[in-house]
Amino acid sequence: MVRNDELFMKKAIGLSEAAVRHGNEPFGAVLVKDGEIVFTNENQIYTMHDPTFHGEAGLIRRFCAETGITDLREYTLYSSCEPCFMCSGAMVWVKLGRLVYGASNEELEALLGQEGCNCSRIVFDNSFWKPEVTAGILREEALEVLRSYFVDHEKG
């Protein structure tokens with residue numbers, strides 16, 4: 001199977017830019033099955049007034065509710081930045097097949113002057129379900145969106 005990781009990551013990064021234009025933080029997520037985009041979501045924590053409406057968790061919540069599908073082992077989720085603990089946990093519960101992300105949480109936290117960690121690995125390594133993970137796809141492009149936003153904004 002041919003993987004179009006860069007193509008789908010460009011879409012996730014584009015969604016992170018759209019999130020900022022819509023008044024939210026710069027995170028985007030794309031769900032793919034059999035080489036086709038089946039669902040997208042951007043961070044909506046401010047516009048939905050819901051601090052848990054991250055790009056990935058919001059995508060999973062909406063996709064499952066709208067389709068009735070709760071087993072995602074045949075799906076790949078592309079995220080502009082490594083998912084947090086909450087979003088990684090949601091990926092375990094839906095048995096996500098594969099996660100692909102751009103910037104790491106450690107890189108995001110470094111931009112914020114904090115020490116980060118590899119959230120997804122910590123959650124997956126300590127869970128009953130372990131999605132395949134590919135990190136660093138279009139990393140610099142993903143980091144640039146984060147840098148440009150967090151120069152003038154605090155996290156959360």
Side-chain angles (χ1 to χ4, degrees), residues 3-32 37-64 72 75-127 129-156:
R3 290 184 173 170
N4 294 310
D5 288 348
E6 289 189 6
L7 173 74
F8 298 128
M9 186 57 67
K10 281 186 189 294
K11 177 70 172 170
I13 293 169
L15 287 163
S16 72
E17 294 168 325
V20 172
R21 288 192 303 275
H22 298 140
N24 295 291
E25 292 185 350
F27 302 98
V30 174
L31 190 63
V32 172
I37 294 174
V38 296
F39 216 83
T40 64
N41 193 59
E42 61 191 54
N43 179 287
Q44 297 174 59
I45 62 171
Y46 299 127
T47 54
M48 294 292 285
H49 309 288
D50 181 350
T52 69
F53 215 102
H54 293 192
E56 307 91 339
L59 181 148
I60 290 168
R61 184 181 308 143
R62 288 179 54 228
F63 177 78
C64 293
L72 303 185
Y75 295 77
T76 299
L77 193 147
Y78 291 82
S79 180
S80 59
C81 186
E82 179 181 3
C84 71
F85 290 114
M86 175 187 70
C87 293
S88 296
M91 292 173 196
V92 168
W93 290 114
V94 296
K95 297 181 180 151
L96 181 70
R98 182 169 177 247
L99 166 65
V100 180
Y101 64 84
S104 72
N105 179 64
E106 292 169 315
E107 292 165 323
L108 168 61
E109 294 294 338
L111 291 175
L112 301 170
Q114 306 286 328
E115 185 175 336
C117 65
N118 189 277
C119 299
S120 59
R121 184 178 57 208
I122 291 170
V123 171
F124 299 160
D125 285 352
N126 292 286
S127 298
W129 186 260
K130 296 164 183 30
E132 177 186 339
V133 177
T134 302
I137 301 296
L138 298 182
R139 177 183 162 273
E140 280 304 317
E141 292 90 332
L143 276 171
E144 186 50 41
V145 176
L146 295 170
R147 273 190 208 101
S148 64
Y149 178 82
F150 287 114
V151 154
D152 297 319
H153 299 87
E154 289 185 19
K155 180 86 178 82

Exercise for the section: For side-chain contact (heavy atoms from CB on, under 4.5 Å), just list the numbers for Thr52 and Ile45, CA-CA rounded to whole Å, side-chain angles, deciding distance to a tenth of an Å, and then say yes or no. Expected result: CA-CA 7 Å; Thr52 69; Ile45 62 171; over 6 Å; no
Problem - Step-by-step side-chain contact (heavy atoms from CB on, under 4.5 Å) determination, Phe85 to Ile122 - result: CA-CA 8 Å; Phe85 290 114; Ile122 291 170; 4.0 Å; yes
Practice task
Start with the C-alpha distance between Ser120 and Asn118, add both sets of side-chain angles, then the distance that settles side-chain contact (heavy atoms from CB on, under 4.5 Å), and finish with yes or no.
Solution key: CA-CA 6 Å; Ser120 59; Asn118 189 277; 3.9 Å; yes
Practice task
Begin from the C-alpha positions of Thr134 and Tyr78 and carry the test side-chain contact (heavy atoms from CB on, under 4.5 Å) through to its verdict.
Solution key: CA-CA 9 Å; Thr134 302; Tyr78 291 82; over 6 Å; no
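To the nearest 0.5 Å, atoms CG (Leu138) and CG (Leu143) are separated by 11.0 Å. For the atom pair CE of Met48 and NE2 of His54, the computed distance is 13.0 Å after rounding to the nearest 0.5 Å. Once rounded to the nearest 0.5 Å, the distance linking CG of Leu15 with CG of Leu59 reads 9.5 Å.
At most 12 non-hydrogen atoms from other residues, nucleotides or ligands lie less than 6.0 angstrom from CZ of Arg121. Annotation: Trp93, atom CH2; neighbour count of heavy atoms from other residues, nucleotides and ligands within 6.0 Å does not exceed 12. Crowding of Lys11 atom NZ: a count of heavy atoms from other residues, nucleotides or ligands under 6.0 Å not exceeding 12.
Judged by distance alone, the side chain of Asn24 and the main-chain N or O of Tyr46 form a donor-acceptor pair under 3.5 Å. Under the 3.5 Å distance criterion, the side-chain polar atoms of Lys95 are left unmatched by any main-chain donor or acceptor of Val92. Ser79 places no side-chain N or O within 3.5 Å of a backbone atom of Glu82 that could act as its donor or acceptor partner. Within the 3.5 Å criterion, the main-chain N or O of Val94 finds no donor-acceptor partner in the side chain of Trp129. A donor-acceptor pair is defined here as one N or O able to donate and one able to accept, closer than 3.5 Å; such a pair exists between the side chain of Ser16 and the backbone of Ile13. With hydrogens and angles disregarded, no donor-acceptor distance shorter than 3.5 Å links the side chain of Asn4 to the backbone of Glu6. Checked by atom type and distance alone, the side chain of Asn105 pairs as donor or acceptor with a backbone atom of Cys117 at under 3.5 Å. Looking only at distances, no side-chain donor or acceptor of Thr76 sits under 3.5 Å from a matching main-chain atom of Leu99.
Residues Ala142 and Ala103 approach most closely at CB-N, 3.7 Å, considering heavy atoms. Annotation for Ala29 and Leu77: closest pair CB-CD2, 4.2 Å, computed over non-hydrogen atoms. Taking both residues in full, the closest heavy atoms of Cys119 and Cys84 are given as CB-C, 3.9 Å, listed atom of the first, atom of the second, then distance. Of all heavy-atom pairs between Cys87 and Glu56, the closest is SG-OE1, 3.4 Å. Contact between Val20 and Pro26 at its shortest, heavy atoms only, is CG2-CB, 3.5 Å.
The salt bridge (charged side-chain N to carboxylate O under 4.0 Å, His left out) test with Asp5 singles out one residue from Arg139, Lys10, Arg98, and that residue is Arg98. Screening Glu140, Glu107, Glu141 for a salt bridge (charged side-chain N to carboxylate O under 4.0 Å, His left out) involving Arg147 leaves a single residue, Glu140.
Between Thr40 and Leu31 there is no side-chain heavy-atom pair separated by less than 4.5 Å. The shortest distance between side-chain heavy atoms of Leu112 and Phe150 falls below 4.5 Å. Looking at Val32 and Tyr75, their side chains never come closer than 4.5 Å, going by heavy atoms from C-beta outward. Between Tyr101 and Ser80 the shortest side-chain heavy-atom distance does not fall below 4.5 Å. A heavy-atom distance below 4.5 Å is found between the side chains of His22 and Glu42. Met91 places none of its side-chain heavy atoms less than 4.5 Å from the side chain of Val133.
For the residue pair Thr47 / Gln44, no side-chain donor-acceptor distance below 3.5 Å is found, with atom types taken as modelled.
Remark: His153 pairs with Tyr149 by the ring-ring contact (aromatic ring centres under 6.0 Å, His included) rule, at least two apart or across chains. Taking the ring-ring contact (aromatic ring centres under 6.0 Å, His included) definition, one finds that Phe39 meets it with Phe63, sequence neighbours left out.
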